[in-house]
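Below, chain A is the first sequence line, B the second, and so on; all start at residue 1.
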Amino acid sequence: MSTVHTDSRQRNAVVNFAHSLVNAMLNRLMHAWNSDFVAQAMQEVVDALAATEAAGLELPLRLQIDGNRLCHDGRALDGPSLQARSLIQRCNDRNIAMLSFEAHLDASETNRIFDLLLLPENTRAFERIHRDATLLAFGIRHFKVTLQNPADPTDRRVGLDDQGRAVEQYQDLAEALQQNHRLAHGDHELAVDATSTAVERAIVEFDEPSMLLSLAMKDDCDRFTVGHSVRVALLALQVARTMGASREQLVRIGCAALMHDIGKSKVPQEILFKQGRLTKDEWACMAEHPRLGAQLLIEQHENVDPRTIGAAFCHHMGPNGGGYPDPLMPTPPSATSRLVRVCDVFEALTAVRPYKRALTPIEAFVVMFRNKQDFDPHWLQCFVKTLGLFPMGTRLTMTNGADAVVVDQTSSITKPQIRLLSGPDGTPLPADHPEFVVAGDRLEGSSLTIAGINLPDRDLPVPNFDEHDPAEGAGHTAHEACLAPHPHDPKL
Amino acid sequence: MTGRADRTSDAREYQEAIAQWHLAARTEVKKSSSLPSAMFDTRDPMLEARLAGSVEVMMRCLHKPEATALLEQTLDQESEIRVERVTLEELLELPAAIQEEHVKLDVESGLSAEYLSLLIDTCTTGDEATQTAARDLLLRDFSVEANADLHHATQAVFASIQSVLADGSSGDDTHERMAELCSAIAASVIVDHDFPQDNS
């Protein structure tokens, strides 16, 4: 087996372990310490640790806390970090620089580690003078912590790149949503303000949500579909911004998209996380989540925007009121709800689930156009035009054999701007000499046409759109199409 | 007594051995199945995970015959893995499908009618606390009167229809306004019928 393959397996094993740790933390926050959900989550941590050893990593496995991210071996684990605000915050509160997990760690011991990390009365448990005694008293023998060195606060940092701020914003969104799901699950009043604050910060900090969106693709810690909801919110913000929505409108649309699945916190977890097919009764229960979500929000009537209530209720309804649930007075969903629906379905199609593989964006667009009666046609068009057939971050293979990544959209949805990653023979290009070109341009005598999309698990060949489409440049960007109508448009 | 203690000890060791064997077997399956992963994953990226799951269930069946039902259930679930197929022809047709005339979208459209409809729905489907909240919102945001009688409601509809017809408008906007009016009437009736009179 090649070294690259081994490294990749080890890296994946560490990422899975970190995801399981984050998931265990979220379970502890949500459920009683002795519940079945918590027990299962703790066992998953133990299994994931064993898997890292099976992948060839030496234990103890060390995870560093670096500012707002989890790291391993000096490399940031962005995916698991995105929903890890609670874990990282508590480690920072306790001045923990590194967590070390040793062989023979068991589920019960893992659960006790979270006692120390979670309970407010244990905030000082890891202080240098009684750290070892505390661990011994709690029967924790296969877990160690390394504390920050106050004399040298930079000794544990691996260096944040420019994504550091984006990670923080993403964590804000995820944490706000997690908090609301926890509150809803426990029949407490929602913290709606936290959601709008997080959305507002994300909007103010980032002119284009695409940086956050590219991060979102790394997040698959799917507790209560938090990752899904954050991605839907970022997609909705991206499209609404392109449509010229004001900042106030963006905050409201972002909140509505972020909270659209809040009703799932009222669906029994054995149904919500069931791996197989739902029975008729289970499905009926699941299909109530839009109504439950809307009712939950209506109860907080003092400070919830009608868009948020509408998106929670209508995100499974078609543009003319089809789908579910079926309200007493059928009314077509509002523009916000119709936008959220488009983003929701796109995200679901492009995400990996236990029962399906992930589609590429271009495949998802085809599937959505196949069922276009289920979507608002204008939003669907604008959505595709905003993202482009090859959204930012898409890995491509060019017809000359070079590898490339999409870095921006152009006026043609079939011709994104790309950065070449390798030459035609597959030789990687130096990182400091990026070659930016537009797909379809000529480079060194040959046309750089997109041949396929590279996925971690497969390659998807794509046709040459130029050869088959005489109306070259068809399908302009959303901004051009929707905000700056063509002067010769006969409808003007 | 000694014999019984030994048997208990043996049983515990046996259970531990089985557990260790389970773990080792799972690891081996994962290792083996990942060797040709590129080949498998081209068609189905979930194959490796499902293979490991199936083998684990089979091992459980060997250990506990009653687990056969679980195996059948698992195999049944596997057949439900959904794979959407998209052809090259469909990809080719996509740019042509995205050539809609230029439309300026109003992100605010339909909001009021949707909100009203959902409040009405909640007045009839929610629990008591939720119904009360929805009713409060109807009173606050739509000035729905709990004590409005049907005669007044009918007059309001009639007047509204006249005003809509008088301004000569038609199309989606008119439809939306009419739907909103009807919803408002329904809200009045629902609030009137579902709640005790409240003059506060």
Side-chain angles (χ1 to χ4, degrees), chain A residues 9 50 54 240 243 245 249 253 275-277 291 294-295 298-299 301 306-307 309-310 313-314 327-329 331-337 355-357 359 362-363 365-367 369 377-379 381-382 384-385 389 413-414 457-458 461-463 465 468-469 474-475 481-483 485-486 489 491, chain B residues 23 27 30-31 34-35 41-46 73 76-77 80-84 86 88 90-92 94-122 124-127 129-130 133-134 136-137 140-141 179 182-183 186:
Chain A
R9 279 189 60 200
M243 291 301 106
Q249 286 173 326
I253 290 169
Q275 295 289 314
R277 175 186 279 184
R291 181 174 267 125
Q295 292 179 355
I298 283 171
E299 282 183 42
H301 59 278
R307 290 168 192 77
I309 300 170
F313 193 99
C314 299
L328 184 70
M329 291 286 293
T331 302
S334 68
T336 301
S337 298
Y355 50 84
K356 73 166 191 67
R357 74 178 188 191
L359 296 183
I362 195 169
E363 289 174 305
F365 296 147
V366 168
V367 172
F369 271 96
H378 304 313
W379 274 131
Q381 295 255 347
C382 288
V384 179
K385 288 169 181 169
L389 296 189
I413 57 169
T414 60
D457 51 45
R458 64 194 170 108
V462 296
F465 291 109
H468 297 84
D469 185 6
C482 303
L483 292 182
H486 195 280
D489 187 339
K491 295 206 169 202
Chain B
L23 184 63
T27 308
K30 289 290 289 176
K31 276 184 185 170
S34 69
L35 284 175
D41 290 354
T42 304
R43 300 302 301 170
D44 183 355
M46 296 301 293
Q73 186 189 343
D76 185 43
Q77 286 168 8
E80 291 169 22
I81 296 288
R82 201 173 68 221
V83 179
E84 290 278 1
V86 173
L88 273 180
E90 286 178 301
L91 291 178
L92 260 178
L94 195 53
I98 309 164
Q99 292 197 62
E100 183 192 80
E101 68 275 19
H102 312 307
V103 175
K104 173 82 171 76
L105 294 174
D106 177 9
V107 294
E108 300 290 326
S109 76
L111 187 61
S112 177
E114 175 189 77
Y115 184 38
L116 184 52
S117 167
L118 301 189
L119 292 179
I120 292 169
D121 184 86
T122 305
T124 54
T125 60
D127 60 26
T130 316
D136 290 346
L137 288 173
R140 186 190 78 179
D141 297 338
C182 293
S183 295

Exercise for review: Please name all residues satisfying side-chain contact (heavy atoms from CB on, under 4.5 Å) with A:Ala335, sequence neighbours left out, ordered by chain then number.
Suggested key: A:Arg338, A:Trp379, B:Ser109
Study note, to complete from the structure: So CG of B:Leu94 and OG1 of A:Thr414: to nearest 0.5 Å the spacing works out to 10.5 Å
Review point. Which of these passes side chain to side chain contact (heavy atoms under 4.5 Å, CB included) with B:Glu114: A:Pro306, A:Pro333, A:Pro332?
Key: A:Pro333
Practice item. Compare all side-chain heavy atoms of B:Thr122 with those of A:Phe313 and state whether any distance is below 4.5 angstrom. Key: no
Check your understanding: Which atoms form the tightest heavy-atom contact between B:Ala133 and A:Ile298, and what is the distance?
Key -> CB-O, 3.6 Å
Practice item. Hey, could you give me the CD/CG distance between A:Glu299 and B:Leu137, rounded to the nearest 0.5 Å? Key: 11.0 Å
Exercise for review: For B:Ala97 and A:Phe369, work out which heavy atoms get closest and say how close.
Suggested key: O-CE2, 3.8 Å
Practice item. Dump the intermediate steps for side chain to side chain donor-acceptor pair (under 3.5 Å) on A:Gln295 and B:Thr130, then the final yes or no. Key: CA-CA 6 Å; A:Gln295 292 179 355; B:Thr130 316; 4.8 Å; no
Practice item. Measure B:Thr125 against the heavy atoms of chain A and call it side chain, backbone, both or neither at under 4.5 Å. Key: both
Review point. In Å and rounded to the nearest 0.5 Å, what is the CG to OG distance from B:Leu111 to A:Ser337?
Key: 8.0 Å
Check your understanding: With a 4.5 angstrom heavy-atom cut-off, which part of A:Ile309 approaches chain B: side chain, backbone, both or neither?
Key -> both
**Study point:** Set of side-chain contact (heavy atoms from CB on, under 4.5 Å) partners for B:Val86, sequence neighbours left out
**Key:** A:Glu363, A:Val366, A:Val367, A:Arg370, B:Glu90, B:Leu91
Exercise for review: Kindly indicate whether the side chain of A:His378, heavy atoms from C-beta on, has any atom under 4.5 Å from the side chain of B:Asp106.
Suggested key: no
Check your understanding: Do the non-hydrogen side-chain atoms of A:Phe365 and B:Ile98 ever get within less than 4.5 Å of each other?
Key -> no
Check your understanding: At a heavy-atom separation under 4.5 Å, does B:Leu88 approach chain A through its side chain, its backbone, both, or neither?
Key -> both
